[in-house]
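Report on the following structure.
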There are 2 protein chains.
Amino acid sequence: MFSSLINKRKKRILHLVVHNYIQTARPIGSNVICKNYGLKISSATVRNILADLEKEGYLTHPYTSAGRLPTDKGYRFYVDSLEENNQLTVKEEMLLAARYKINNYELKEMLWQLSHLLSLVSHYTGFVFSVSQEKVIFKHLKLIHLSNKKILAVFITQAGLIKHKVICLRSTITIKNLKRMCNILNDEMVGFTVKEVRNKILDKIKKEKIAYKEFLELGKELNEQIFKIKEELYLEGISNILSFTNNHQRVESVFNILQERKMLSYLLEEKFDKKENVKVFIGNENSYPQMNDWSIVSAVYKTGDYPIGLLGIVGPKRMEYSRIIAEVDYISRMANKLLEQGEEE
Amino acid sequence: MFSSLINKRKKRILHLVVHNYIQTARPIGSNVICKNYGLKISSATVRNILADLEKEGYLTHPYTSAGRLPTDKGYRFYVDSLEENNQLTVKEEMLLAARYKINNYELKEMLWQLSHLLSLVSHYTGFVFSVSQEKVIFKHLKLIHLSNKKILAVFITQAGLIKHKVICLRSTITIKNLKRMCNILNDEMVGFTVKEVRNKILDKIKKEKIAYKEFLELGKELNEQIFKIKEELYLEGISNILSFTNNHQRVESVFNILQERKMLSYLLEEKFDKKENVKVFIGNENSYPQMNDWSIVSAVYKTGDYPIGLLGIVGPKRMEYSRIIAEVDYISRMANKLLEQGEEE
DNA sequence: ATTAGCACTCTCTCCGCTTGAGTGCTAATA
DNA sequence: TATTAGCACTCAAGCGGAGAGAGTGCTAAT
């Protein structure tokens, strides 16, 4: 793509400028480039090249006599030129796996732990965005009588993940009826997706096929609280990225835009083609001005082949992409494993 | 105590200075005090009084010709002089209760929601610090067979709160044995505190009173994961207080000191006598230098008469104490109710 | 005891100066 | 033709001094 536009030396210098800016956070000048990186060309030549790169949109400088720093396009070049060797070594993986063990089959807890892990290893802000999981398949439901009006519903998915919730009813329900209901659901729902299960329960309620009235309330509640697996966003390590800006409002606006979830949904739906795992969103590449100073390194995680969420980190645009991409890649694979692990047993 | 030291007018002026500083965040001068608050004395007199108050340690000024601002001692006076009418009106309480309903009997979820609520209403950072709940009383335990090696343990306390966790075993356990074990525990543990339950289970394991070996592993896991109710800290709304400082490090150090929990334990254990509900900790009154610019408004929450945790907010020293004290008071009472509510049903 | 008056203090802001890093252009060079 | 040396130019950043203004502390009068 740009290999036709800019030659090897140009690329080298662009890479250098971005790399240096990531490390020092200061604009870099032609002299420094020559001296520190042992290029066999004079600073004047470098200046010409820098001017070219600026004309082509890869670099800017904040004022006339300042050094150069990358634009979003410059970062994009840097990241794209990186995306070959972005894997952790086996040793690093083992170290990481040993230090942070995630052993939890409760979905919520697990996702939270993943976001925490992301923040810990990256030193930026970790997130896990769990989207509506319509394709989750019903395996088993337990309804446990806690008191006359309190039921603990335990839902086990095909993949072996567990979701449970205490449901408070207005009217009392007998143990007998509860058991009956539980049996009916387990008989009829196995193998269906939660979406289908929801509809089937709704049908039952509408057509009043069920002889006893308790079904009504409990059915509704189950649909609402257990089988409607909503979007959830886990954010950890916000304080990690405070030091990267001197403008608090900017940090706040980033988290606001994240918490709105619209951007994340968009990233998840629009931007992933199947082959690549980790994807980087630089600055306001996606025309969210609030993201101006920030980048997102993210990966989808899946059950089987079906993507069910997005995880990754949010950090300053000048971030150590190479390391972070490798880490997010690894953790997303870890997530995939965790989500399938249940099936083995 | 100081009524002997400083007279009514002095108090009035001290109160004024603190109040004004809380609102404006700027040192206040003698002229402003006279003009804006309609005192019938000259600025010179006010100056004399201010000088006195400074000598007595209630005020300082940052440099010679600047206005006055409160010291920790000054804030302390202000807060103490406030502590009569620090209740929400019935109307406010109702508004608050209507807007934010907490209906959840799962302990963890509930505590998290409380911390979230604290942050929402206060606009500062909310926290709930749940300490080791040794006095929690065993009411019922359910052990639910999920698969050969996975058990869902559901623990219901006397107060009706629910704690559950999935336990993964190394060796398989039969449904029959699981039931037997569950029965034994329910027969023998009702009415004992979790601390006692832990010891009893330990005894059983040691003396090998139990005929089948599965008890060993599951017993240990139950002790570790269900009956050992550890300290937990829920922090919400960190971003709320970013705007109160221009030094990120300072914010970070506050949260570090909170997350260490030592200070919170200290506050909980040492500082609460029975009669007062809400307590305010101003700046580094407790000799934590990291707290220099911050105050904590907190209250214990209890089951029955036994305090089981601390909740409250962290905010800038110049905070709207009156409002915040009332809110924390109300939410702590809400917490107490939620923790006892279960018993009613 | 209170107050008017006044000298004094110290921050804050503006302004101009200097420094130095870095650029862009031009003309010479390989 | 690509590279380079040379040089004028630009602009942020840092420094210091001047002036304004807010506020104090002291003294002497009421």
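Taking atom CD of A:E54 as the reference point, atom C1' of C:dG22 lies 12 Å away to the nearest angstrom. In this entry the distance linking CG of A:N48 with P of C:dT23 reads 11 Å, nearest Å. A straight line from NE2 of A:H61 to P of D:dT10 spans 13 Å, rounded to a whole angstrom. One atom, CD1 of B:I33, and another, P of D:dT24, lie 8 Å apart when rounded to the nearest Å. Per the geometry, CD1 belonging to B:I28 stands 12 Å off C1' belonging to D:dG23, to the nearest Å. Atom-to-atom, NZ of A:K55 to P of C:dC25 comes out at 8 Å; the value is rounded to the nearest Å. Taking atom CD1 of A:I49 as the reference point, atom P of D:dT4 lies 9 Å away to the nearest angstrom. Per the geometry, CG belonging to A:D52 stands 11 Å off P belonging to D:dT3, to the nearest Å.
Regarding contacts with the backbone of C:dT3, a side-chain N or O of B:T45 is found under 4.0 angstrom from either OP1 or OP2. Residue A:R47 has no polar side-chain atom (N or O) positioned under 4.0 Å from OP1 or OP2 of C:dT26.
The only member of A:L235, A:L311, A:V314 that meets side chain to side chain contact (heavy atoms under 4.5 Å, CB included) when paired with A:L118 is A:L311.
Under 3.5 Å, the side chains of B:Q290 and B:N256 contain no donor-acceptor pair of N or O atoms. Checked by atom type, the side-chain pair B:H19/B:Y78 shows a donor-acceptor distance below 3.5 Å.
Among the heavy atoms of the strands lying under 4.0 Å from B:A44 is at least one base atom, whether or not backbone atoms are also near. Within the nucleic acid shown, A:S30 comes within 4.0 Å of sugar-phosphate atoms alone, with no base atom in reach, counting heavy atoms only. Counting non-hydrogen atoms under 4.0 angstrom, B:R9 reaches the backbone sugars and phosphates but no base. Within 4.0 Å (heavy atoms only), A:R68 reaches sugar-phosphate atoms of the nucleic acid but no base atom. Within the 4.0 angstrom heavy-atom criterion, only backbone atoms of the sugar-phosphate kind lie near A:T64; the bases stay farther away. Using a 4.0 Å heavy-atom cutoff across all strands shown, B:N31 reaches no nucleic acid atom at all.
The strand DNA chain D forms stems, runs of 3 or more Watson-Crick or G-U wobble pairs with distances below 3.5 Å, at C:1-30 with D:1-30.
Heavy atoms from other residues, nucleotides or ligands lying under 6.0 Å from CZ of A:R12 number 12 at most.
Under a 3.5 Å cut-off, the side chain of B:K73 and the backbone N or O of B:E56 do form a donor-acceptor pair.
Taking only side-chain atoms of B:Y63, from C-beta outward, the nucleotide of C:dT11, C:dT3, D:dA5 with the closest atom is C:dT11. Of the candidates D:dC11, D:dG25, C:dT11, D:dG25 carries the atom nearest the B:A51 side chain, counting heavy atoms from C-beta on. Residue A:L50 has its side chain nearest to C:dT23 when only C:dT23, C:dT3, C:dG22 are considered.
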### Task
Using the side-chain contact (heavy atoms from CB on, under 4.5 Å) rule, take B:I33 and B:L50 through it: C-alpha gap first, then chi angles, then the decisive distance, then the call.
CA-CA 10 Å; B:I33 293 178; B:L50 290 178; 4.1 Å; yes
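B:F244 and B:Y124 have their aromatic ring centers within a separation under 6.0 angstrom.
Under a 4.0 Å N-O distance rule, the pair A:R47/A:E54 does not qualify as a salt bridge.
In this model, a side-chain donor or acceptor of B:S65 finds a partner on the base of C:dT9 within 3.5 Å.
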